[in-house]
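One structure is given here, and the rest of the page talks about it.
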Amino acid sequence: LVGWRYNPDDLDAWEGLEDILIAADCGMATTQEVVEALERRHPRSEEDVSTGLEEIVAALASPRGEPTLDLSARPAVILVVGVNGTGKTTTIGKLASRLAASGRSVIVAAADTYRAAAEEQLEVWARRAGADFVGSSRGGDPAAVAFDAIEAAQARGRDVVIVDTAGRLHTQTNLMEELAKMRRVIAAKLDGAPHETLLVVDATTGQNGVRQARLFDEAVSVTGVVLTKLDGTAKGGAVLAIGNEVGLPVKLVGVGEHLDDLQPFDARDFARALVG
Amino acid sequence: SLSDKLQGVLSDLRRRGKLSEADLKKALREIRLALLEADVNFRVVKEFVARVRERALGAEVSKSLTPGQEVVKIVHEELADLMGKGSSKLAFAGRPPTVILLCGLQGSGKTTASAKLALQLRKEGKSPALAACDLARPAAIDQLEQLGCQIQVPTYALRGTGDAVAAARHGLEQARAQGRDVLILDTAGRLHVDEQLMDDLVAVRQTVRPHDVLLVLDAMTGQDAVTVAEAFARRVAFDGVIMTKLDGDARGGAALSVKAVTGVPITFTSSGEKLEPLEAFHPARMASRILG
Ligand SMILES: Nc1nc2c(ncn2[C@@H]2O[C@H](COP(=O)(O)OP(=O)(O)OP(=O)(O)O)[C@@H](O)[C@H]2O)c(=O)[nH]1
Ligand SMILES: Nc1nc2c(ncn2[C@@H]2O[C@H](COP(=O)(O)OP(=O)(O)OP(=O)(O)O)[C@@H](O)[C@H]2O)c(=O)[nH]1
Ligand SMILES: [Mg+2]
Ligand SMILES: [Mg+2]
């Protein structure tokens, strides 16, 4: 912790810690929880404070232990959702590339049939990642694209299907229902699918992140969070509240705009960066 | 709501007749919580609460029959006052074309806002054009061209190059050649800490000499809004802000943070993906939204 001078009676130091957590978008409630958890450990040194914070923060960000992707099914279906502009399409390109590098064959499904040039954008990423591409005509039924992609994966023997969806605000009930319908179509098409439903969250997001997580989880049962744009200065502290209040683990982290800018989530590294 | 909380905290003030230090502390704490919950930057919150504290110690509160309401009124006034200062209108050129440059972080809504702005100006009787200067994002040019097509506004693009300055210059030449009176340049999303991309943006700015530089900011942006705004202000001196995605339930505290720290007012807001005109900024409305 840069500049931390630990002294249990130093109220300024505790306020300084609060400021660090709030500045990282942890929000007041989570900040208080972290500070109380640290107090209960009775830290005696700067070392105790750093280690304590790392452990507390890491635990909040990964509420279910090891955050791995379940790719045991064949094809394994990954549904990618989130509000507008968070990085879903780009993340899919990166993820497809990672999976291909680990020897898996991938199909990406362009189920954003609404936004201008959404399919063209995903198609470029598919090409870069060496993945097959399944789309439809613009304005077509998004659920049908997901269905077609799973069908194609079964026919061609592909290992993974990643479904891209249109950005939508969690407050748009009709669009959230559209997403719930897509999930039902996927589940009807393939038992157990979607095996992963990833909510893509922008690291610059403030307290609204928890609202997003709650409503998307209610609509489609989210299995993990992808935290993007962590290469900026935002710390992504909203994922602590998301983990703590909604129970969603962070599984992947986006750190740039290129094909290889996706990393598995490391809770300790994240905690260190957050309080450092 | 904050209003209810403040009424509760200061409910028996009327009986006791004056505002005690304890009462004030409780009230200020509620205000601080509301603003932090709304994503206002924590340093901006500290300064704002200090300002409210000063006014709350005055006669208007202690003499009031409803001190809670009085404090709420002060908070609303201070907030709306802060947000509303300064002109938030577009500047138009004496000799066309007026050049408007949009910039901001990745995914904030620049491309969509460029098209909405073009549509709005077209409806106001101007003859706008769009210039696609994002040469990095896959299908970025396609996206702007498709939007331009939907609103019947010409879109200038330069394919086969990664040079944003060349694309910007090309757009300006085309706008002049075709007698368009406004040129709106859409640029690639970029991080304020990416030196190369910030240099690029400065180079584009120097090439087209815009009359308006607008920072496009997502309403759900949290504490980082200050760092981003300061960096963009330092490098490209934006003179207006477009806050997007206000159709969601993000409180939009970043609007206050950016205004407080850079002094730049919000010019327009965007509340939807559909191509319709942007909305003019309403300081009092934004203040209510932020306060919850
Ligand atoms: N710096 C940075 N930029 C990113 C990252 N992930 C995505 N982006 C950028 O964010 C912008 C939006 O990405 P998209 O993939 O189009 O986001 P989306 O969620 O699919 O957007 P919609 O489909 O319109 O809702 C693009 O400019 C991406 O290059 C990241 O990890 N770091
Ligand atoms: N709900 C809502 N969505 C919006 C609004 N403005 C933009 N969007 C959506 O946000 C997403 C990103 O918009 P873009 O215009 O592509 O953002 P951008 O800043 O150009 O992105 P980059 O070029 O990658 O940096 C798209 O899905 C848009 O449709 C808005 O006011 N409300
Ligand atoms: Mg997308
Ligand atoms: Mg764009």
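First the proteins, then the strands, lettered A, B, ... as listed; each starts at 1.
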Check: A:R128 and B:P138 side chains under 4.5 Å, non-hydrogen atoms: yes
A:N208-B:D249 side chain donor-acceptor pair, cut-off 3.5 Å: yes
Value rounded to 0.5 Å, distance of OG in B:S271 from CG in A:L169: 10.0 Å
B:Q106 portion near chain A, given a 4.5 angstrom heavy-atom threshold: both
Winner by heavy-atom pair count (cut-off under 4.5 Å) against chain B, out of A:T90, A:V124, A:T228, A:T204: A:T204
Contacting region of A:E257 [heavy-atom separation from chain B under 4.5 Å]: side chain
B:E273 versus chain A, the contacting section by heavy-atom distance below 4.5 Å: both
Region of B:K110 in contact with chain A, defined by heavy-atom distances below 4.5 Å: neither
Contact origin within B:R43 toward chain A - heavy atom pairs under 4.5 Å: neither
From A:D231 atom CG to B:L191 atom CG, the distance as rounded to the nearest 0.5 Å: 5.0 Å
Side chain, backbone, both or neither of B:R251 within contact of chain A (heavy atoms, under 4.5 Å): neither
Any A:Q121 side-chain heavy atom under 4.5 Å of B:Q143 side chain: no
Least distance between heavy atoms, A:A117 atom then B:A139 atom: CB-O, 3.7 Å
Inter-residue atom distance B:I141.CD1 - A:E120.CD, 0.5 Å rounding: 12.5 Å
Distance-only side-chain donor-acceptor flag, B:Q223 / A:Q207, under 3.5 Å: no
Proximal component of B:L36, with respect to chain A [non-hydrogen, under 4.5 Å]: both
Interatomic distance, B:T221 atom OG1 to A:D202 atom CG [nearest 0.5 angstrom]: 7.5 Å
B:K25 NZ: over 12 foreign heavy atoms closer than 6.0 Å: no
Side-chain touch B:D247/A:T171, heavy atoms, less than 4.5 angstrom: no
